[in-house]
Amino acid sequence: MVKKFYIETYGCQMNVADSEVVAAVLEKEGYEFVKDIEQADLIIVNTCSVRENAEVRVRGRLHHFKSLQKKRPEILIALIGCMAERLKDELFEQEKNIDIIVGPDSYLQFPKLIKEAEHGDNAMEVELSLTETYKDICPTRIDDNSISGFVSIMRGCNNFCTYCIVPYTRGRERSREVQSIVNECKDLEARGYKEITLLGQNVNSYNFVDGDKTFVFHDLLEIVAQSVPSLRIRFSTSHPKDMSDDMLKIMAKYDNICKYIHLPVQSGSDSVLKLMNRKYTKDWYMGRIEAIKKYLPGCGLSTDVFVGFHGETDEDFQDTIDLMKDVRFDLAYMFKYSEREGTYASKKLPDNVPEDVKGSRLAKLIEIQRETSFESNKADLGKTFEVLVEGISKKREDQVYGRTSQNKVCVFAREDFKRGDLVNVKVVECTSATLIAEPVL
Ligand code: SAH
Ligand code: SF4
Ligand code: F3S
């Protein structure tokens, strides 16, 4: 009999939010969430399929669980999330120690599936939904000492970038009711949270119709900013094709909206962007960056970019380098292209850039970005920022760490500061990854 469950989460912030939904669904049925895997009768792994190595990692973990199962054969293992949706019952064949498979839109069925698995059957539900937003579930905050929470505002994706598996694992785009989002934000505020991040694969295409009224993303952002004035508000991810000046104006208008935008570019080459089906050009992207700089001077900026997509030439790669040098992102998440079965690219656009070329291009980008991040941090020397303290620094017990509104990590003397405090600090030193500061009294 399953009484206690443990969850491990891989992949994006949306998976972190989903694990909290899953925990809430199971707690409602009387199951108890435990932080120690040794105590659990049910181990849940919330998985990601975005790149091959995300899946390889999960398979490694499943292998590791075999030793736990040897000691306690009654333990059940559930694989949920994007890998569950992508591979479905194939997974029961490949990974013999899995008992339950649940896709991202089927978490309300989880308790029923546990019952089936307790009878010794393999249990699976992977139906995608056009409407499920889990709007009536108040997520269990797994990290109960936390001050920063995720609030999912939409699910799925309709963009079908040719390389990307997400539209297949998460299904069609749907937006969650405004009131249910506001209620969750208020609940977090009442519980002492200090920061929320509104989540979706493309938050800029948020669109909720309520009678004769339609709410788009900047409407929602303004409503949330007004509803929870004491909270810092962040959001992710913005898509360049849909990021409007109206959103930038709302960000400028409210002090509690953090001045930070994550705007994935993917490539700086127009021909690659076209093959990726990103629906914008390099010039369009640069225009969006200019708009950010106009409405929000000093706004923190980050991006996602990957090298080695189908047909990427040295010139295409040079375009990406030029763009990175032009924009000067504070931070970039950089990857090598990984072909995903089932996508348009896997059928029509061969993965034809050699692995060693991908490797050397990625290494070059990482080096350029490291320098740019260092320059960007050096430009903050002497400036004052408000930092939300997240905890004691892992490297030095006499320091605390937190983030500026621009999302830069900052450390400073611990003194009497504690998690959740907002502290004004002046930057006195930096590395490429961290601002080192002193509290300003
Ligand atoms: N919805 C977001 C990103 C979601 S996936 C957006 O559109 O920007 C996160 C990042 O993973 C992407 O921005 C992209 O840089 C990377 N990614 C997605 N599919 C990939 C693939 N097949 N190979 C390598 N990187 C990929
Ligand atoms: Fe994937 Fe593109 Fe959708 Fe982002 S917008 S999740 S990259 S298909
Ligand atoms: Fe991964 Fe699924 Fe998120 S593929 S990036 S966990 S939406």
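Counting convention: from 1, in listed order, for ligands and their atoms alike.
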Val50: heavy atom below 4.0 Å from ligand 1, yes or no?
-> yes
Number the atoms of ligand 1 from 1 as they appear, then name those within less than 4.0 Å of a heavy atom of Lys336, with their elements.
-> 23 (N), 24 (C)
With atoms numbered from 1 as shown, which atoms in ligand 2 lie under 4.0 angstrom from a non-hydrogen atom of His239?
-> 5 (S)
Please lay out, stage by stage, how Tyr254 and Glu222 fare under the test side-chain hydrogen bond (donor to acceptor under 3.5 Å, both in side chains).
-> CA-CA 8 Å; Tyr254 292 91; Glu222 180 155 37; 2.5 Å; yes
Answer yes or no: does an N/O atom from Arg51 fall short of 3.5 Å to an N/O atom of ligand 1?
-> yes
Give the numbers and elements of all ligand 3 atoms closer than 4.0 Å to a heavy atom of Asn15.
-> 6 (S)
If you round to the nearest 0.5 Å, how far is OG of Ser152 from CG of Leu198?
-> 9.5 Å
Does ligand 1 have a heavy atom under 4.0 Å from the side chain of Phe335, from its backbone, from both, or from neither?
-> side chain
Backbone N or O of Val216 within a donor-acceptor pair of the Asp219 side chain at under 3.5 Å?
-> yes
Quick one: which ligand 1 atoms are inside 4.0 Å of a heavy atom on Gln201?
-> 1 (N), 2 (C), 3 (C), 4 (C)
Where the side chain of Arg172 meets the backbone of Cys157, is there a donor-acceptor pair that is under 3.5 Å apart?
-> yes
Is Ser338 in polar range of ligand 1, meaning some N or O pair under 3.5 Å apart?
-> yes
For the residue pair Gln369 and Ser373, confirm or rule out a side-chain donor-acceptor distance under 3.5 Å.
-> yes
Residue portion contacting ligand 3 (non-hydrogen atoms closer than 4.0 Å) for Met14 | neither
At what distance is the nearest protein heavy atom to atom 7 (S) of ligand 2, and which residue and atom is it?
-> Tyr163 OH, 3.3 Å
Cys157 heavy atoms, cut-off 4.0 Å: which ligand 2 atoms fall inside?
-> 3 (Fe), 5 (S), 6 (S), 8 (S)
Distance to 0.1 Å, residue and atom name: give those for the protein heavy atom nearest to atom 7 (S) of ligand 3.
-> Gln201 NE2, 3.1 Å
Is it the side chain (CB and beyond), the backbone, both or neither of Phe160 that lies under 4.0 Å from ligand 2, heavy atoms counted?
-> backbone
Under 4.0 Å from any heavy atom of Tyr163, which atoms of ligand 1 are there?
-> 18 (C), 19 (N), 20 (C), 22 (N)
Flag the pair Phe329 / Thr372 as yes when at least one side-chain heavy-atom distance between them is below 4.5 Å, and no otherwise.
-> no
Considering only protein heavy atoms, which is closest to atom 2 (Fe) of ligand 3, and at what distance to one decimal place?
-> Cys82 SG, 2.2 Å
Check for a donor-acceptor pair, side chain of Tyr107 on one end and backbone N or O of Gly81 on the other, with a separation under 3.5 Å.
-> yes
Would you say the side-chain atoms of Lys336 pair up with the backbone N or O of Glu355, donor to acceptor, closer than 3.5 Å?
-> no
Within the structure, does Glu339 bring an N/O atom to less than 3.5 angstrom of an N/O atom in ligand 1?
-> no
What heavy-atom pair brings Thr197 and Gln13 nearest, and what distance separates the two atoms?
-> CG2-OE1, 4.5 Å
Leu26 side chain reached by Leu42 side chain, heavy atoms, under 4.5 Å = yes
Please report which non-hydrogen protein atom sits nearest to atom 3 (Fe) of ligand 3, along with the residue it belongs to and the distance in Å to one decimal place.
-> Cys12 SG, 2.3 Å
For Val166, take its heavy atoms, then give the atoms of ligand 2 lying under 4.0 Å from any of them.
-> 6 (S)
Under a heavy-atom criterion of less than 4.0 Å, does Arg170 contact ligand 2?
-> no
What residue and atom, counting heavy atoms only, is the protein's closest point to atom 7 (O) of ligand 1, and at what distance?
-> Arg278 NH1, 3.2 Å
Hey, is the main chain of Leu263 close enough, under 3.5 Å, to the side chain of Tyr285 for a donor-acceptor pair?
-> yes
Can you tell me if Trp284 uses its side chain to pair, donor with acceptor, with the backbone of Pro240 under 3.5 Å?
-> yes
Assess the side chains of Tyr10 and Glu8: does a donor N or O sit below 3.5 Å from an acceptor N or O?
-> yes
Please confirm whether Lys358 comes under 4.0 Å of ligand 1, counting heavy atoms of the residue only.
-> no
Nearest protein heavy atom to atom 1 (Fe) of ligand 2, by residue and atom, and its distance?
-> Cys164 SG, 2.3 Å
Quick note on ligand 2: atoms under 4.0 Å from a heavy atom of Gln201 include exactly 6 (S)
Backbone of Asn15 reached by a side-chain donor or acceptor of Thr9 within 3.5 Å = no
Identify the closest protein heavy atom to atom 4 (S) of ligand 3: which residue and atom is it, and at what distance?
-> Ser49 N, 3.3 Å
Nearest protein heavy atom with distance in Å, relative to atom 14 (C) of ligand 1 | Gln266 OE1, 3.3 Å
Backbone, side chain, both or neither: what part of Glu52 comes under 4.0 angstrom of ligand 1, heavy atoms only?
-> neither
Identify, for atom 8 (S) of ligand 2, the protein heavy atom at the shortest distance, and state residue, atom and that distance.
-> Cys161 N, 3.4 Å
Looking at Phe309 versus Phe317, is the centre-to-centre ring distance below 6.0 Å?
-> no
Which heavy atom of the protein is the closest neighbour of atom 4 (Fe) of ligand 2, given with residue, atom name and distance?
-> Arg278 NH1, 4.3 Å
Tell me, with the steps shown, if Asp314 and Gln318 meet side-chain hydrogen bond (donor to acceptor under 3.5 Å, both in side chains).
-> CA-CA 6 Å; Asp314 287 338; Gln318 188 58 46; over 6 Å; no
Thr237, any N or O under 3.5 Å of ligand 1 N or O | no
Polar contact flag for Asp304 and ligand 1 (N/O pairs, less than 3.5 Å) | yes
In ligand 2, the atoms that come under 4.0 Å of a heavy atom of Pro167 are 8 (S)
Under 3.5 Å: donor-acceptor pair, side chain of Ser269, backbone of Asp319 = no
N/O/S from Cys48 sitting under 2.8 Å away from atom 2 (Fe) of ligand 3 | no
At what distance is the nearest protein heavy atom to atom 8 (O) of ligand 1, and which residue and atom is it?
-> Pro264 CG, 3.0 Å
Heavy atom of the protein closest to atom 5 (S) of ligand 2 (residue, atom name, distance) | Asn159 ND2, 3.3 Å
How about Phe385 and Lys408: do any of their side-chain heavy atoms sit closer than 4.5 Å?
-> no
Should you measure from each heavy atom of Arg340, which atoms of ligand 1 turn up under 4.0 Å away?
-> 22 (N)
Please say which of Ile153, Asp242, Asn207 ends up in a side-chain contact (heavy atoms from CB on, under 4.5 Å) with Phe217.
-> Ile153
